[in-house]
Amino acid sequence: MTNLTFDFTGRTVVVTGAGRGVGKAIGENFRTAGATVYLVDFDADAVEKAAHEIGAVGLTADVSKTDDVDAVVERVISDTGRLDVLVNNAGILRDAMLWKISDDDYEAVMAVHAGGTFRFTRAAVPHFRKQGGGRVINVTSFTGLRGNPGQSNYAMAKAGIIGFTKTAAKELARFGVTVNAISPNAQTRMIESVPADKLALLTEQIPMQRFADPSEMAAAVAFLAADEAAYITGVVLPVDGGISI
């Protein structure tokens, strides 16, 4: 865990795509900082296990479905009476070259990444407005800015999240709500599955010569969610070891 800590006592945090990896690390960091944390994931077994391990509440939901999203937010408000921080981290991959991507794989990636970010933020806004403030942190990607062969659907979704982040930041600022994003480059299951020779080439492209630990992503998210970042909004923060330079 990071040494960078903030006090989130009395605050309620929702993290999507939190059954493992970066999402779980984000939830764990908030829990350590005193927040009531809800982990959301499509994988029921994974999210229940993760929630048990860090002392959070695990909820199963498909972020591409409005009914699931609304049910999660309603549960959180029913339990705690508030929602202070929303971290939109859920994502999937359906990689293939452009001419090989099916409609189903295109729609699935867009629905989870862009659609999930939109749906959860929309559902949270009435509660943020009632409270007089809130934090939204979206997870985008370097691929959304620079592209990557075999990931046209993913790149399109992540680029959309950047545009959404900036638009939502402008719309919600007057209600005391900040909307920011991180662009991570962390050690994940996807990275672990890359063959050693290709992984070495990828690592060489990173100025810091390594992929981040998920806890380093959690530290960046915690900062953007903290009171100390109350005047920061509409920002895409690269947490990528310099690969986007």
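This chain uses plain numbering: 1 for the first residue, then up along the sequence.
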Considering residues at least two apart in sequence or located in another chain, which fulfil the side chain to side chain donor-acceptor pair (under 3.5 Å) criterion with R210?
E216
Ion pair present between D105 and K100, side-chain N to carboxylate O less than 4.0 angstrom?
no
Enumerate the residue pairs fulfilling side chain to side chain donor-acceptor pair (under 3.5 Å) with a member in residues 75-94, sequence neighbours excluded, ordered by first and then second residue.
T12-T80, Y38-D79, R75-D79, R82-D84, N88-T121, N88-N138
Measuring from D67:CG to D62:CG, what's the distance to the nearest 0.5 Å?
10.5 Å
By side chain to side chain contact (heavy atoms under 4.5 Å, CB included), which residues pair with E53, not counting sequence neighbours?
K24, K49
Locate the shortest heavy-atom distance separating D240 from S183; write the atom from each residue and the value.
CB-O, 3.9 Å
Just wondering, are more than 12 heavy atoms of other shown residues or ligands nearer than 6.0 Å to CE in M110?
yes
How close do D41 and G19 get, heavy atom to heavy atom, and via which atoms?
OD2-N, 2.9 Å
Between D213 and S215, do the side chains contain a donor N or O and an acceptor N or O under 3.5 Å apart?
yes
Report the residue from V22, T140, V221, V139 that forms a side chain to side chain contact (heavy atoms under 4.5 Å, CB included) with P184.
V139
Enumerate the residue pairs fulfilling salt bridge (charged side-chain N to carboxylate O under 4.0 Å, His left out) with a member in residues 107-127, sequence neighbours excluded, ordered by first and then second residue.
none
Determine which pairs satisfy salt bridge (charged side-chain N to carboxylate O under 4.0 Å, His left out) with at least one residue from residues 9-19, sequence neighbours left out, and list them in order.
R11-D227
Mind checking what makes side chain to side chain contact (heavy atoms under 4.5 Å, CB included) contact with A226, not counting sequence neighbours?
F6, F8, E228
For the residue pair M97 and G150, what are the closest heavy atoms and their distance?
SD-N, 3.7 Å
